[in-house]
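I have placed the structure first, in the form of structure tokens, so that the comments after it can refer back to it.
The chains referred to below are lettered A, B, ... by the order of the sequence lines, with proteins before strands, and numbering in each begins at 1. What you are looking at is a predicted structure, and each value in this text was computed from that prediction instead of being measured.
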Protein chains: 2
Amino acid sequence: MSQNIKTDGTSRRSIGARQNPDTESAILDAALDLLLTKGPKGLTMDAVARKAKAGKATIYRWWPTRGALLLAIYGRIKGPHAHADTGQLETDISAFFDHVFAFWQGDAGRVFAQIIAQAQGDAEVAEALRQYRCDRIDDWLVVLKRADARGELSNDIAPEQIAEVIIALAWQHLLIDRLDAKGADLARIVASGILKGR
Amino acid sequence: MSQNIKTDGTSRRSIGARQNPDTESAILDAALDLLLTKGPKGLTMDAVARKAKAGKATIYRWWPTRGALLLAIYGRIKGPHAHADTGQLETDISAFFDHVFAFWQGDAGRVFAQIIAQAQGDAEVAEALRQYRCDRIDDWLVVLKRADARGELSNDIAPEQIAEVIIALAWQHLLIDRLDAKGADLARIVASGILKGR
DNA sequence: TACCTAACGAAACGAATCGTTCATATAGAT
DNA sequence: ATCTATATGAACGATTCGTTTCGTTAGGTA
């Protein structure tokens, strides 16, 4: 029996038959703050609703699962994925590592790590992560095509594989909290390989 | 008020003032089975206790957290980490990828992925994972020392970095469910690099 | 032999979270 | 003016959490 609906004007109200942007902001802000301050176990639907002063029904209407909420949070904080074009592949790679590590040292790193974690048991998040990774690989293919036009690439390695190695190294450093690595060190080994001579 | 203690003899009982190995086995078996069949969300303390016909107090006594339980499960199913010695570094690396991917395609892969996931919010698991990774790097340093003695290694890449790249690639394929990759393809790019010439 | 101690299964506890449902309000759309 | 869709607080039953208590079992010690 619910009969006491406050009409004091301080709470957000419906703005009609459409999503209230203020409500969306409040919910995602609350979710991000809870994740960063209380950790992944603090990101509960109840806590988000309390902090955002929203109804759980509203949250479940737009983000039916914890995974959907995580993806929305990351989509809100991630910026564009601009790759430097230094004219040389190795320095492009080095710049990428430095840039992404700096980005991840802010809020985004913890959020993205949680998405990877959530993907290990949530098919929806796993698929979204797979797609996101493919997009980032495509970004690299552009850079690699430029490098190939300059004659930098070895002929017997597929560009997709090169991109996968770069991404694997980036994820690894995120997952084990080693975002202080030097991009140049990582770029050198990727570019030159480990064998003496060719 | 608990007053009905079954004494039918079918349940495990205390074997005195020491841990009952049968109880340990039953609990870890139940936990592993739940993780594999019901997924990470199915691995609850209550469910483990029910399936193992054990008291929750017993579980919490030996494995106070979910993370501790995960680590115990993995410790129970992982085998020794023997590295092939083919006389050539690239084929050693290739054999490693094929071996670990085959191993992870069994139960161990899902368990290890869950450990990585749990580490993104559980300091105890994170520390255990970090230590485990260091041990695997040390394994590789032995292999790399052999390769260096054969004159295979480039001088300007630290062996630790080589091992880190190999492990990063292995984790990446586990986390995105790409354990069907060919070890030879991964080994080639690690060994030879991507640049034309040296 | 007679205690002491610790592990064990079972049950129950309060707290927290889950996902859902309900009634009521709000306001755009028709 | 009516219809439709959204936003909200409140409450629900179910589940899990971590802890505690109880009675039982058996090794260790004196």
Side-chain angles (χ1 to χ4, degrees), chain A residues 1-31 34-35 38-70 118 121-122 124, chain B residues 1-31 34-35 38-70 118 121-122 124:
Chain A
M1 293 176 293
S2 63
Q3 62 258 26
N4 288 335
I5 301 295
K6 289 189 302 183
T7 322
D8 55 12
T10 61
S11 299
R12 279 181 306 279
R13 289 277 173 270
S14 168
I15 59 172
R18 60 200 175 94
Q19 187 177 16
N20 188 333
D22 293 339
T23 298
E24 177 178 5
S25 291
I27 290 172
L28 294 185
D29 286 348
L34 283 168
L35 180 61
K38 305 291 182 60
K41 298 191 64 172
L43 183 60
T44 69
M45 295 303 207
D46 284 284
V48 172
R50 278 195 304 271
K51 190 177 186 68
K53 300 191 185 308
K56 286 205 297 176
T58 304
I59 300 179
Y60 277 104
R61 184 187 310 278
W62 300 104
W63 306 276
T65 65
R66 170 195 166 85
L69 205 48
L70 277 174
Q118 184 76 18
D122 182 329
E124 185 187 356
Chain B
M1 293 175 291
S2 62
Q3 60 258 24
N4 289 333
I5 300 297
K6 289 191 303 185
T7 323
D8 55 11
T10 60
S11 298
R12 280 181 306 278
R13 288 277 174 270
S14 169
I15 58 172
R18 60 198 174 96
Q19 186 178 15
N20 188 335
D22 293 339
T23 297
E24 178 178 5
S25 292
I27 290 172
L28 295 184
D29 287 348
L34 283 168
L35 181 61
K38 305 292 182 60
K41 298 191 62 172
L43 183 61
T44 68
M45 297 302 207
D46 285 284
V48 172
R50 277 196 304 271
K51 189 176 186 67
K53 297 190 186 307
K56 286 206 297 175
T58 304
I59 301 179
Y60 277 103
R61 184 186 311 273
W62 300 106
W63 304 276
T65 66
R66 170 195 169 83
L69 204 48
L70 275 175
Q118 184 76 18
D122 181 331
E124 186 187 354

Of the listed nucleotides [options], the one nearest the side chain of [X]:
X: Y60(B); options: dG18(D), dG9(C), dG19(C); value: dG18(D)
X: R61(B); options: dC8(C), dT16(D), dC17(D); value: dC8(C)
X: A57(A); options: dT16(D), dG18(D), dT8(D); value: dT8(D)
X: A17(B); options: dC18(C), dG9(C), dT5(C); value: dT5(C)
X: K41(B); options: dG19(C), dT26(C), dT16(D); value: dG19(C)
X: R12(A); options: dA7(D), dT17(C), dT8(D); value: dT8(D)

Partners meeting side chain to side chain contact (heavy atoms under 4.5 Å, CB included) with K38(B) (sequence neighbours left out):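 Once residues adjacent in sequence are excluded, the partners of K38(B) under the side chain to side chain contact (heavy atoms under 4.5 Å, CB included) criterion are L34(B).
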Phosphate OP1/OP2 of dT17(C) contacted by R50(A) side-chain N/O (<4.0 Å):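 Yes, because at least one side-chain N or O of R50(A) sits under 4.0 Å from OP1 or OP2 of dT17(C).
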Residue-phosphate contact under 4.0 Å: T44(B) side-chain N/O, dT15(D) OP1/OP2: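 No, no such contact exists.
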Where at least one partner belongs to residues 54-68 of chain B, residue pairs that pass side-chain hydrogen bond (donor to acceptor under 3.5 Å, both in side chains), sequence neighbours excluded: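 The answer is D46(B)-K56(B), R66(B)-Q118(B).
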Interatomic spacing from OG1 in T23(B) to CG in L28(B) - rounded to 0.5 Å: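 These two atoms lie 10.5 Å from each other.
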5′-ward residue of the pair R18(B)/R66(B) relative to DNA chain D: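 On the 5' side of the pair lies R66(B).
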Min side-chain heavy-atom separation L70(A)-L43(A) under 4.5 Å: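 Of all side-chain heavy-atom pairs linking L43(A) with L70(A), at least one is under 4.5 Å.
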Under 3.5 Å donor-acceptor pair, S14(A) side-chain atoms to dA7(D) base atoms: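 No, no donor-acceptor pair under 3.5 Å.
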Base dG18(D) to side chain K56(B), donor-acceptor N/O within 3.5 Å cut-off: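 Flag set: donor-acceptor pair detected.
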Residue whose nearest DNA chain C nucleotide is more 5′ - A54(B) or I15(A):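 Result: A54(B).
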Bend angle of the helix from dT1(C)-dA30(D) to dT30(C)-dA1(D), end axes from five pairs each (to 10°):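 Taking five pairs per end, the axes differ by 10°.
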Length of the CG-P vector between N20(B) and dA7(C), whole Å: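 Atom-to-atom, N20(B) to dA7(C), this comes out as 12 Å.
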